[in-house]
Amino acid sequence: MAVFNLTPSDSSIFILTGIPGLEADHIWISIPFSMCYIIGLLGNFTVLFVVGKEQTLHKPMYVLISMLALTDITTSTSFVPKALCIFWFNLKIITVKGCLTQMFFFHALSNVHSAILVTMAFDRYVALCNPLRYATILTNARIAKLVLVGLIRAFLFILPLPVLLSRQPFCANRIIPHTYCDHNAVAKMSCGDITVSRVYGLVIAFILSLLDMTLIGLSYGMIIRGVLRISSKKANHKALNTCSAHICVIMMAYPLGLFSSLTHRFGHDIAPHVHVILANVTYLLPPMLNLVIYGVKTKELRDKVVKYFCRM
């Protein structure tokens with residue numbers, strides 16, 4: 001604790017407190033944190049391995065599932081190891097550059113994750129509404145180009161967040177009541193005018209989320225319209241069932257993420273530890289549950305995973 005008390009005014013570092021008000025319970029809190037993280041890593045690495053090894057899974061749908069798994073791994077890895085270091089070893093210090101770097105990768109990877117969900121919605125639209133042209137419209141090369149656009153978008157729109165904050169003077173009190181360097185939490189450490197930074201962060205979060213949700217909504221609107229034209233109820237059910245896994249992942253990602261973001265910005269009466277726990281749960285649960293959803297809902301992937309486990 002001596003390091004914690006002596007360094008808050010050091011101009012080169014920040015101090016992450018972990019979950020404010022629950023410092024005495026960090027060891028217990030670390031148990032579900034570490035379990036979710038490890039299960040998520042093992043499950044998503046399994047998906048990457050199986051999709052990579054099986055030639056029959058080298059299709060756009062499974063390539064996108066593996067890319068989603070990769071973003072789940074990288075997003076959670078951008079903040080969970082540091083959080084566990086705080087919980088287990090009381091290693092709360094992070095350099096300003098390290099903090100801004102973590103902020104960039106965390107928000108950029110989250111944005112790429114959203115872009116992949118949009119691409120998956122487009123994939124389901126083409127598969128259901130233009131099945132005869134599916135193989136020519138959505139090649140693996142085209143999927144790679146769409147994901148590359150998502151990466152470029154994330155880089156261009158997220159990079160200004162740490163750049164704007166890096167030019168700000170920070171106050172003597174460098175204690176951030178969080179487990180990772182969230183943009184809003186770091187912005188509050190500044191003694192300068194952060195209006196531009198805060199407005200930019202809010203506008204970008206709103207515009208990108210709205211854009212992605214609109215594109216997903218349009219894709220599923222056209223899917224529903226196409227499905228309703230099918231006279232067979234059995235065919236209707238089969239068509240909608242192919243989208244069920246993606247819909248479940250969307251319902252976990254966007255509502256939880258938006259609720260966490262809005263409560264952090266406008267829920268001033270909510271206890272700080274609730275904000276931090278909610279922010280962590282938003283990015284801890286999906287990597288663990290996504291693989292369960294796709295394992296249950298995607299028979300071909302499930303069968304291949306079971307085959308590899310039976311060989312062990």
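In this text, all values refer to a predicted model and were calculated from it rather than measured experimentally.
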* Asked: Do the charged groups of Lys299 and Asp303 touch, with an N to O distance under 4.0 Å?
  -> yes
* **Pair Thr77-Tyr37, side-chain donor/acceptor within less than 3.5 Å** => yes
* To do: Would you check if the side chain of His183 reaches a backbone N or O of Met103 as a donor-acceptor pair within less than 3.5 Å?
  => no
* Structure fact -> One should read off an interatomic distance between Asn44 CG and Thr74 OG1, to the nearest 0.5 angstrom, of 9.5 Å
* Scan side-chain atoms only and decide if His113 and Asp72 contain a donor-acceptor pair under the 3.5 Å cut-off. => yes
* So how far is it from Tyr62 OH to Met67 CE, rounded to the nearest 0.5 Å? -> 16.0 Å
* **Side-chain donor-acceptor pair present, Tyr308, Glu54, cut-off under 3.5 Å** => yes
* Work out which heavy atom in Ile86 is nearest to a heavy atom in Thr179; give both atom names and the distance. => CD1-O, 3.9 Å
* Is any side-chain heavy atom of Leu211 closer than 4.5 Å to a side-chain heavy atom of Arg153? -> yes
* Pair Tyr220, His246: side-chain N/O donor-acceptor within cut-off below 3.5 Å -> yes
* Asked: Is the number of heavy atoms from other residues, nucleotides or ligands within 6.0 Å of CE (Met222) greater than 12?
  -> yes
Under 3.5 Å, sequence neighbours excluded: what are the donor-acceptor pairs made by side chains of residues 123-134?
from	atom 1	to	atom 2	distance (Å)
Asp123	OD1	Tyr134	OH	2.5

* Asked: What are the two closest heavy atoms between Gln168 and Ser190, and how far apart are they?
  -> OE1-OG, 3.0 Å
* Asked: Are any non-hydrogen side-chain atoms of Ser114 and Tyr254 less than 4.5 angstrom apart?
  -> yes
* Asked: Is the shortest heavy-atom distance from the side chain of His178 to the side chain of Asn280 under 4.5 Å?
  -> yes
* **Validation row: Asn90, Lys92 side chains within 4.5 angstrom (heavy atoms)** => yes
* Asked: If we only count heavy atoms from C-beta on, is the Phe122 to Leu215 side-chain gap below 4.5 Å?
  -> no
* To do: Would you indicate whether Phe105, at its atom CZ, is surrounded by more than 12 heavy atoms from other residues, nucleotides or ligands within a distance under 6.0 Å?
  => no
* Asked: Does the gap between the ring centers of Phe106 and Tyr283 come in under 6.0 Å?
  -> yes
* Asked: Is there a donor-acceptor pair under 3.5 Å between the side chain of Lys307 and the backbone N or O of Arg302?
  -> no
